[in-house]
Amino acid sequence: MLNKIKEINAEIAQFKIETKEQLEAFRLAFISKKGKVSTLFDDFKNVAVEEKKLVGQELNKLKTIAQERFDSLAEVLQSGSLSSVDSSLDLSLPPIPNELGSRHPITIVKERIIQIFERMGFNVSDGPEIEDDWHNFSALNFPENHPAREMQDTFFIEKNPDMILRTHTSNVQVRIMEQGKLPIRSIMPGRVYRNEAISARAHCMFHQVEGLYIDENVSFADLKDTIYHFVKELFGKDITVRFRPSFFPFTEPSAEIDISCLICKGSGCAICKQSGWVEIGGCGMVDPSVLENCKIDAKKYSGFAFGMGVERITNLKYQIKDLRLFTENDIRFLRQFTSAE
Ligand code: DAH
């Protein structure tokens, strides 16, 4: 009998009570009329007379222990402060620190670009990354089978060759022009994809920010002034801009935007390949036939567009030499970027 009492004592001590259901199970197991303690009392009559005194005392102790454990736990559960009964919980321990992440350099630069254009009155538009041929190419004057399409190694969707991963953010230009709400003054940041072997200088996925301004009487002077302002805001007042004649199927005239090399300030270094200039994007006056493709009256409206590589600009700003760093998620790299400047 004494052994039995010991056993039940241990059981009571180990019984886990964290919920009202477990408390009830405890009551049923030990305290109720059919519980283990009452059953022992029933058996007490069979105990030998000379042991009765000792066993009786132990039995009463057991009953009190069971009742007290029940009462104190019931009280704790009632007040909702269960943690105070969990002896493994040390409330004086300092909390596990919440590690703060840092923003990705591409995000920092993208947000800064957006901020500069928003202050000039541009809004931000978004478009699909999986695009049809019309919005990525045809509406932008890339004729079918024209070699210009090869400038951008396209990923095609196998099941539907009309669908591709967009090769540039210019698809969003088409989409907002098609909506027909004029004037348009919008920038379009996003991911683009090209079938390139991944190396320090090329990646199959990168980011662009597209810009589009359509209104009456928009001129190349407006385009130049917008880009001048943007470059000075982003890189600083002493950086100069040059427009180099170029070709894009969807703009006429077209230009490449170069800025004076941030590293050597124009005197020539490895980054600018000794030229003193680095390219940050392309631009031009929207070709009237692109406007017409999007049902905009090209006699009444004109506009400019530009597209810039976010990785390119980030590389220049932070002097990052390997594009792969952006997608490797190495926190030693990512931790270095904390602010927008
Ligand atoms: N879509 C071009 C590219 O990916 C960049 C570009 C050039 C965008 C001129 C434009 C533009 O809007 O006017 O290479």
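Every number for a ligand or one of its atoms is a count from 1 in the order of the listing.
Taking A200 as the reference, D322, R324 meet the side chain to side chain contact (heavy atoms under 4.5 Å, CB included) condition, with sequence neighbours excluded.
Near Q173, meaning under 4.0 Å from any of its heavy atoms, are these atoms of ligand 1: 12 (O). Every atom of ligand 1 is numbered from 1 in the order shown, and the set under 4.0 Å from a heavy atom of Q208 is 3 (C), 4 (O). Residue contact check: T251 has heavy atoms under 4.0 Å from atoms 13 (O) of ligand 1. Each of the atoms 3 (C), 4 (O), 14 (O) of ligand 1 lies under 4.0 Å from some heavy atom of R194. Heavy-atom contacts of G284 reach the following atoms of ligand 1: 13 (O) (cutoff under 4.0 Å). Of all atoms in ligand 1, listed by their number and element, those nearer than 4.0 Å to a heavy atom of S170 are 1 (N), 8 (C).
When the heavy-atom distances from atom 10 (C) of ligand 1 to R166, E252, E256, E210 are ranked, the shortest goes to E210. Residue F250 holds the heavy atom nearest to atom 11 (C) of ligand 1 of all those in F247, F250, F248.
Annotation for I263: atom CD1 counts as buried by contact number, over 12 foreign heavy atoms lying within 6.0 Å. Within 6.0 Å of NZ on K6 lie no more than 12 heavy atoms contributed by other residues, nucleotides or ligands.
Contact of the N293 side chain with the N141 side chain is registered, since non-hydrogen atoms from C-beta on lie closer than 4.5 Å.
To the nearest 0.5 Å, atoms CE (M188) and CG (L212) are separated by 4.5 Å.
Taking distance alone, with nitrogen or oxygen atoms compared against 3.5 Å, T167 stays at or beyond that limit from ligand 1.
For the pair M308 and ligand 1, no heavy-atom separation below 4.0 Å is found.
For residues 261-283, the salt bridge (Lys or Arg N to Asp or Glu O under 4.0 Å) pairs, not counting sequence neighbours, are R244-E279.
Here R175 does not pair with E178 in a salt bridge; the nearest charged N to carboxylate O distance is not below 4.0 Å.
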